[in-house]
Amino acid sequence: MSKTAVRPSALRAGAFAALVAASFMAAPSSVLAADPIKIGSVVSATGPASFLGDPEQKTLKLYVEALNKKGGLMGRPVELVLYDDGGDANKARTFATRLIEDDKVIAMVGGTTTGTTMAMIPVFEDAKVAFISLAGAIEIVEPVRAFVFKTPHTDKTACQKIFEDLKGRKLTKIGMISGTDGFGKSMRAQCLKVIGDYGISVLADESYGPSDADMTPQLNKIKNTAGVQALVNPGFGQGPAIVTRNYAQLGISVPLYQSHGVASKSFIDLAGAAAEGVRLPAPALLIADKLAGTDPQKAVVTEYKKSYESATGQPVSTFGGYAYDGIQILVSAIERAKSVEPQKIRDAVEATKNHVGTTGIYNMSAKDHLGLGTESFRMLEIRKGDWVPLAGVQN
Amino acid sequence: MSEFLQLVFSGLTVGAVYALVALGFTLVYNASDVINFAQGDFVMIGGMGTVFLAAAGFSLPLATLIAILAAVVVGLLLHRLAVEPARGASPVTLIMITIGASIFIKGVAQLVFDKQFHSLPPFSGADPISIGGASFLPQSLWVIGGTLAILIALWLFLEKTLLGKALLATAANRLAALLVGINVRVVLALAFAVSAAIGAVAGILVTPITLTRYDVGTLFALKGFAAAMVGGMGHPVGAVAGGLLIGLMEAFGAGYVSSTYKDAVAFVMILVVLFAMPQGLFGRRSLERV
Amino acid sequence: MTILEAENLGISFGGLRAVDGVSFAVAAGEVFSIIGPNGAGKTTLFNLVTGIYRAGRNGRIRIAGEDVTSLGPHLLVRRGMARTFQNLQIFFRMTALENVMVGCHLSEKTSFLADLFGWPTVARQNRATRERALALMERLGLAQYARAEAGSLPYGVLKRLEIARALATEPKVLLLDEPAAGCNAVETEVLDRLIADIAKSGVAVVLIEHDMKLVMKISDRVLVLTHGRRLAEGAPAVVRNDAGVISAYLGDAGATEANRAHG
Amino acid sequence: MLAAVVTSRLATLLFLALVIAVVPVLAPSSFYLRVASLVWIFALAALGLTILMGYAGQVSLGHAGFLGIGAYAVAVGPARLGLDPLLSFFLGAALCGLVAYAVGKPILRLKGYYLAIATLGFGLIVALVLHSEAAVTGGPDGIQVARITLFGWRISGATTWYWVTAGALMIGAALALNIAASPSGRTLRALHDSEVAATGVGVDVAARKLAAFVVSAVYAGVAGGLLALMNGFITPETASFMHSIELVAMVIIGGTGSVLGAVVGSAFLTVLPQALTILQEYEQAVLGLLIMVFMIFLPAGIVSSLKRFVLDRAP
């Protein structure tokens, strides 16, 4: 018995050693021809936030591909080192470490959700490498962290845009139904913060889970709340589409406001006829074809829309647009810095001025690592299955 | 009253889908003692398959049929290539295999389909029907009616056909079934096929209401499993009752308690039921035989 | 001295009265057998006595005079009641020795925390338990199987292993449910001596058994059950000749036949 | 026999120590140390489940709930209650034990799949609370975790955390092995095989299950606390259902009931996704496929199946 007792552990040793060895050999070692510039990215291409991460991933890949076709950056090819964190903050953190320690990237564009972004921030701050986040929450850039930037508008501006519109229609009592996902919860909190400035009050405040299939119970409650003059739905993914359908099903007559979380044309397809009359704040990207020729964003928005839709066959989304803006800001910063030194890249990103993106026009500074104002949002209404910019709120 | 009615409609519609998934769990469990966590993915295959086939130009009925067949093929492959070779392994190992299969199916689905949400047009219009101050979509009737139809068809199949009886016999006693000449392997494959078909039909019925995506299966598996357990594992009527109960609890939870904690309300109810009846609503109170 | 007293035990399953108002008492050193046709309620009676089923409202169980009616099964073991099972309940993934060592667990002086932190007392306790279990296995002629995985042992050995495990709890009363089932003549012979030996050591033995030869040979008293009720009770010779017992076992025709043979 | 148990117990620990000592030597960058640290942390949680599932045979599909409680304790304690991070860490582990006691008492009466669904419900409710009570937990966006200082020494850096987590795993493994070889371990394994028989020799089955549940919850809580402290940031995702499944998968894939199995299982599911990134969009499918293949061909888990394979061929 004591003889055989040694065997299993010896075998265990072998098995474990093999596993460990396998893990180390598995490190990717794909090398491009002329010493490429490595740009890192960690996005949630799968998992609950894949609705955001998938277009981001595709956009980044397409952009880098096109960039390399045009001869790359400063005469060197660009390598995009892209990892999928599945929406898990812990995995995101691991991949961030991998980008820094193993892949030795010079900058990073990614971080689909606020959670994954916040988990990765310390890695880039410690390594002193610029990190352009694609997530919404204001905490990412407030307080300002030396190496962290972001491209999406904050939820606060979306709320302000909605409330401005409500105020214009003299609607002051609203019902809210928010997703309990990061996006919905964060936007709800931001809306409640600024709502007082507009003299608007919330009479009914409901929520739904990220994968809920039916919101009639919550909407019915709002419907039965006396005095509700409008309905606001902060949320992303399938939630807003189902809310919109249930809203129509219950025959709720007050106006419905969605947020920039609906993000793409597929919302109209999913919500169908129920989407008629829904209003939302959105970046210029959604109405690329309707922009006036003089609109400063016309060119960039049209270009991105064309390249994305022809390559993927899917409608362009604002989330992909964030990634597009992020990588463009980075590439332009590298060009201006004429260097791949992380510190210089960071300085150049911070110096971004009048950068016309799909989301808006960026003017960053040492105090503002986002650089977008409310004017980047346009108020849209859905009419006959298409976005229609509302007059008077266009800039 | 109208609010109560509204919640009932909502709960029954969602609950009917849970019931169908739970029914799939039950069929496979009865025949093979396997808890098939890929059951929810059949729902996804049904919905996504129909969406993409319809988009590819197939007529809706034909797309539906092919999608169901696709789910059945996947179910048969799952049985033949993953469950059958592991015969005799412990239940946890078999569960792990089906979880692996579920991850695999989702992984393939995101390649074959995409990662976007999709919908199907409702079968008979989108104009809500109003009853007693509550309104619901015609598609809800399709879901509830479809569930009933499947239940009746399943009952007829199990009680009136030789094959169905073979399935029941195998469920009751595998060895005895083998001894009386039932081809147990065929029967097990049949159980996987039928449960896959039921899952796919559920997916097709519900997609016009709830939308679908490559990874909706996880949620359905979770709720369906809970429904099967609360009803009493292995009991078809229990599975349906469990599904409807959970659907209703979620609706009432959201409507009367808190929309944030509605899932908690449903699960607390499940716990209460299990404390009172440790074998589920319809499970036999088994006295330990020693 | 009376060790086990069971009074008026009864239970129903789905309207069927499986055991109905059965009472008996067993003294130290006595071998008390319960016989009856299949389905008479013998094992159910055991389950009532050992607390696996709850005795009916009027039922009472006493061990050495203490009322233990409402105690759970594991507490009854602490009071000195041990049993074996009709369908083997062996710890199949443990060695035979470990099976018996688990039986010693009540006499082990250790706690979960001590075990977790591996205090020196644990090793000492392990050694003591092992020795006690080995001695017990020796006594039952199981020593050579000590290190074998229980799942690999033959049926007859496992039957004895269950007895060893039950004895490890140091019972005052031992309930054996068909110990001779599936045993060959030689094994039955060994069992016969073993049971007598256990009884001689002062343990009250309650036996369910179908092997009538064995029952008649080693029992001090026999209780006959049929349809959950007591049919007869007494010394083996008395019960053997009871007309009711014969008809219950052999049917009425058989009873007539038996009568003729006697007459 | 006892000698054999002791030697194999020592052998397991020595082997584990050897692996722990060798990894830093081979690791080309601190990224590998981080991955290894994660392996040790999840192995610790899986070890807790090994005690519950492998020894006592009781399944829990809600153990990520305890991971979450332990993790949020070290985040919420200092941030909202002004507690010392180290104190919060131990309080978190203790809280896991308490919660496990309160929850386990009623639900451990349930058996098999019914217990599975009840624990699953527990895990979901924990995740839901962490998600919803944003004022305390920070909601779905997560919460910052204060860095831990020990006698004026700030614990940070991949190397430091490597040794901290490895040390925790060694302690956890030693304790788990202690239990296995003890009277309590025997009763756990006994009730795993037959509750009726265990009761029949006087084992208080309910109390024993509860003890195993509490200990396994504390393991998960400690693992969660370490994870939060190491990452410096935590989201409710930690307590998600998929994480519970992952922990169970680690135990089963590694080899139920084996201490090294828990470590191997944790390594399998932590290292594999890192290795599979080269497959890009095929990653998920291949991961699922590998899990299936391993479970079909090594049904008792990697460690246990290989052990059996060798023992069967041993002369």
Side-chain angles (χ1 to χ4, degrees), chain A residues 44-55 57-58 84 86-87 177-178 180 185 204-224 236-242 245-246 248-252 264 266-267 269-274 312-315 317, chain B residues 2-11 13-15 17-18 106-107 110 114-119 121-122 126-130 133-140 206-216 218-220 222-223 247 250-263:
Chain A
S44 311
T46 56
S50 63
F51 191 76
L52 288 65
D54 189 43
Q57 163 186 276
K58 288 188 173 125
D84 167 19
I177 177 163
S178 344
T180 56
K185 248 189 131 80
D205 187 8
E206 293 291 323
S207 67
Y208 56 86
S211 47
D212 281 3
D214 181 51
M215 286 68 150
T216 50
Q218 294 95 317
L219 286 169
N220 196 51
K221 246 165 127 179
I222 297 177
K223 184 187 176 191
N224 294 339
F236 78 102
Q238 92 281 31
I242 297 178
R245 288 164 165 226
N246 291 163
Q249 173 194 340
L250 293 175
I252 299 177
S264 89
S266 67
F267 167 76
D269 300 336
L270 292 176
T312 64
Q314 284 163 0
S317 91
Chain B
S2 78
E3 179 172 14
F4 177 79
L5 216 57
Q6 189 68 51
L7 296 179
V8 168
F9 284 136
S10 162
T13 307
V14 178
V17 182
Y18 296 163
K106 280 193 258 290
Q110 74 185 34
D114 60 19
K115 294 181 203 161
Q116 306 296 313
F117 284 101
H118 294 280
S119 179
D127 298 329
I129 303 167
S130 233
S135 54
F136 58 95
L137 296 173
Q139 189 67 27
S140 287
V206 83
T207 295
I209 298 181
T210 65
L211 316 185
T212 188
R213 193 169 75 154
Y214 77 99
D215 62 354
V216 292
T218 311
L219 182 86
F220 284 118
L222 192 70
K223 299 283 171 73
E250 285 180 1
F252 289 142
Y256 291 136
V257 186
S258 146
S259 44
T260 312
Y261 283 107
K262 71 181 172 54
D263 283 343

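The analysis underlying the following values was restricted to heavy atoms, covering all of them including side chains, and did not include hydrogens, waters or symmetry mates. Letters go in sequence order (proteins before strands), and every chain restarts at 1.
Not one N or O on the side chain of E206(A) forms a donor-acceptor pair closer than 3.5 Å with the backbone of I177(A). Side chain of S44(A) to main chain of G86(A): no donor-acceptor pair is present (N/O by atom type, distance under 3.5 Å, no hydrogens or angles). Q6(B) contributes a side-chain N or O that, together with a main-chain N or O of S135(B), makes up a donor-acceptor pair within less than 3.5 Å.
Within the 4.5 angstrom heavy-atom criterion, atoms from both the backbone and the side chain of L137(B) approach chain A. Looking at K106(B), there are no atoms closer than 4.5 Å to chain A (heavy atoms on both sides), in backbone or side chain. Using a 4.5 Å cut-off between heavy atoms, F136(B) touches chain A through backbone and side chain atoms alike.
Across L7(B), D215(B), T218(B), T210(B), the residue that shares the most heavy-atom pairs under 4.5 angstrom with chain A is T210(B). Top candidate by heavy-atom pairs under 4.5 Å with chain B, chosen from A241(A), G53(A), A45(A), is A45(A). Interface check for chain B: of the options T46(A), T312(A), D269(A), the most heavy-atom pairs under 4.5 Å are formed by T46(A). Residue with the most contacts toward chain A among P208(B), S130(B), S258(B), A134(B): P208(B) (heavy-atom pairs, distance under 4.5 Å).
Scanning all heavy atoms of the two residues, the minimum distance from R213(B) to S50(A) falls at NH1-OG, 3.0 Å. The two residues L211(B) and S119(B) have their closest heavy-atom pair at CD2-CB, 3.6 Å.
Classification of the F4(B)-F252(B) ring pair by plane angle, with boundaries at 30° and 60°, yields parallel.
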